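No experiment lies behind these values; they were computed from the predicted model shown. Convention: sequence-line order gives letters A, B, ...; per-chain numbering from 1.
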Protein chains: 2
Amino acid sequence: MSKNHKRSCPVGRWQRRKEARPGEIIDAALELFCEKGFAGTRMDDVARHAGVTKGTVYLYFENKEALFYALVNEMVVPQVERAENMIANYTGSAASLIEILIKQWHENIIKTKLSGIPKLIISESGNFPELAKFYIDNVIQRGRRMMARVIEKGIERGEFIKCDPDYVSRVILSSMVFTAVWERSLASLDDETYDVEKFFDTQFEIMLSGLKKTK
Amino acid sequence: MSKNHKRSCPVGRWQRRKEARPGEIIDAALELFCEKGFAGTRMDDVARHAGVTKGTVYLYFENKEALFYALVNEMVVPQVERAENMIANYTGSAASLIEILIKQWHENIIKTKLSGIPKLIISESGNFPELAKFYIDNVIQRGRRMMARVIEKGIERGEFIKCDPDYVSRVILSSMVFTAVWERSLASLDDETYDVEKFFDTQFEIMLSGLKKTK
DNA sequence: AATAACTAACTATCTAGTCAGTTATTTATT
DNA sequence: AATAAATAACTGACTAGATAGTTAGTTATT
């Protein structure tokens with residue numbers, strides 16, 4: 001049985017795409033939640049952005065909160081694991097490892113829509129403390145430990161001066177995370193533009209110069 | 001138009017305090033907006049926190065947005081001016097001036113409820129771009145210029161190595177602002193506690209060591 | 001013909017903003 | 001000094017509008 005009659009695609013036609021829908025809905029939610037906040041985003045808008053209607057969204061996610069949880073879980077965890085594997089297999093100097101970590105943060109987070117998540121978590125931490133807690137335990141703390149271990153290694157190797165790896169780690173990470181938050185919130189409104197790569201280079205250069213034993 | 005009013009509670013005593021109300025309402029709004037976000041905060045709650053009813057809030061502020069604007073304007077501008085005056089009258093070294101600026105940031109912003117404002121602006125930048133723009137132009141950029149001028153002075157004096165003052169300024173400020181955001185969002189949920197003062201000391205020490213000509 | 005992905009219209013609820021009425025306080029009068 | 005009238009700060013019940021979540025029905029696909 002053949003379909004001979006033409007099927008131009010008039011508005012109102014849709015396809016059944018069970019596999020693709022959840023990902024598309026999560027993408028739409030990420031974009032809108034980051035832009036408008038959780039409470040400020042309408043489920044109707046999420047649906048329209050994903051090319052479906054609201055009913056479909058509720059077909060795949062129990063409610064608005066479940067969608068929020070799903071997007072954080074889905075988007076973040078793989079990134080952390082990737083970074084941890086990178087570090088485990090690295091054999092070069094601590095300084096060059098820090099440089100690589102910053103570069104990767106730039107490439108894989110700042111330049112992608114993933115940079116929206118820190119802002120989202122921070123914004124909604126008051127309304128979703130358990131989610132924020134999950135994020136802290138599974139992302140922030142792991143990131144902190146990663147960076148601290150690298151610095152510790154640098155000290156052990158005689159590469160860096162004696163310092164508290166935990167606090168130095170926090171200092172480095174704070175401006176990395178802040179850059180993500182900034183890029184997804186105020187950067188586009190600021191007429192004093194800047195080059196993110198040069199920002200990271202500047203940070204790396206000064207911090208490392210302050211950390212290294214021989215200048 | 002209206003039906004018969006119920007007899008209001010005869011025991012609920014209140015006072016007329018025209019002068020104090022706006023400030024109290026703004027304080028309540030700052031606390032709740034920071035905790036719940038703008039959209040997530042009910043005007044009824046703001047009123048109750050301020051010890052009045054919703055009607056009173058609308059007596060002093062035209063609407064929810066006006067209240068938001070008022071609190072940002074009221075709370076922030078005096079701080080910026082204070083810092084600018086401080087810098088203008090300072091005669092010591094650039095390094096010690098940076099140290100003082102960081103200490104003052106800690107005392108006057110981080111330790112007070114003012115630290116909630118950066119988080120608030122960042123969270124609501126998507127919904128209130130004009131307000132965010134106002135904040136960028138009147139707070140962020142002025143802060144950036146302040147810090148850049150100090151660094152520039154340090155270079156001119158032969159105190160610091162040659163570097164781009166604008167970018168170094170951004171690096172220093174980014175972790176200062178981030179600390180405010182962090183303290184008002186995720187810090188209380190993080191079981192790995194830390195000492196903010198030691199954080200700033202660590203940052204100051206490493207950055208300055210990287211900036212100074214003689215180590 | 002059967003299945004299930006998807007739609008669209010519905011409802012239940014929540015809240016920003018309003019306003020008629022209440023009460024603390026001030027001012028005028030005795 | 002006591003009392004009444006006037007004023008305006010404040011209340012709380014109300015309305016209008018918005019949106020999270022539901023579901024009966026429609027349509028693509030097998």
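If B:Gly40 and B:Gln15 are placed on DNA chain C by their nearest nucleotide, the residue sitting closer to the 5' end is B:Gly40. Between B:Gly55 and B:Arg16, the one whose closest nucleotide on DNA chain C sits nearer the 5' end is B:Gly55. Residue whose closest nucleotide on DNA chain D sits further toward the 5' end, between A:Asn63 and B:Arg17: B:Arg17.
Base pairing of D:dT30 is made with C:dA1, judged by Watson-Crick or G-U wobble geometry with both donor-acceptor distances under 3.5 Å.
A sub-4.0 Å separation between OP1 or OP2 of C:dA5 and a side-chain N or O of A:Thr56 is absent. Between B:Arg42 and C:dT15 there is a side-chain polar atom (N or O) within less than 4.0 angstrom of OP1 or OP2. Remark: A:Arg21 is in phosphate contact with C:dC6, judged by side-chain N or O atoms under 4.0 Å from OP1 or OP2.
Regarding B:Ile25, its CD1 atom lies at a distance of 11 Å from the C1' atom of D:dC10, rounded to whole Å. Remark: P of D:dA8 and CD of B:Glu19 are 14 Å apart, rounded to the nearest angstrom. Taking atom CG of residue B:Leu67 and atom P of nucleotide C:dG17, one finds them 10 Å apart after rounding to whole Å. Atoms CG (B:Asp44) and C1' (D:dA13) sit 11 Å apart, rounded to a whole Å. Nucleotide C:dT22 holds its P atom 13 Å from the CH2 atom of B:Trp14, rounded to whole Å. Whole-Å rounding puts the B:Lys18 NZ to C:dT23 P distance at 21 Å. The OH-C1' distance, from B:Tyr58 to C:dT15, rounds to 9 Å in whole Å. Distance, B:Lys64 NZ to C:dA16 C1': 8 Å, rounded to whole Å.
When atom types are taken as modelled, the side chain of B:Glu192 and the backbone of A:Gln141 share no donor-acceptor pair closer than 3.5 angstrom.
Both tests do not hold together for A:Lys103 against A:Phe200: distance to the six-membered ring centre under 6.0 Å, angle to the ring axis within 45°. Annotation: cation-pi geometry satisfied between B:Lys198 and A:Tyr167 (NZ/CZ under 6.0 angstrom from ring centroid, within 45° of ring axis).
In terms of polar N and O atoms assigned as donor or acceptor, the side chain of A:Lys54 comes within less than 3.5 Å of the base of D:dG21 in a complementary pairing.
Side-chain atoms of A:Met43 lie closest to D:dA20 of the nucleotides D:dC10, D:dA20, C:dT15.
If you check every strand for non-hydrogen atoms under 4.0 Å, A:Tyr60 touches sugar and phosphate atoms only.
Ring pair A:Tyr69/A:Phe134: centre-to-centre distance not below 6.0 Å.
Around atom CD of A:Glu74, no more than 12 heavy atoms belonging to other residues, nucleotides or ligands sit under 6.0 Å away.
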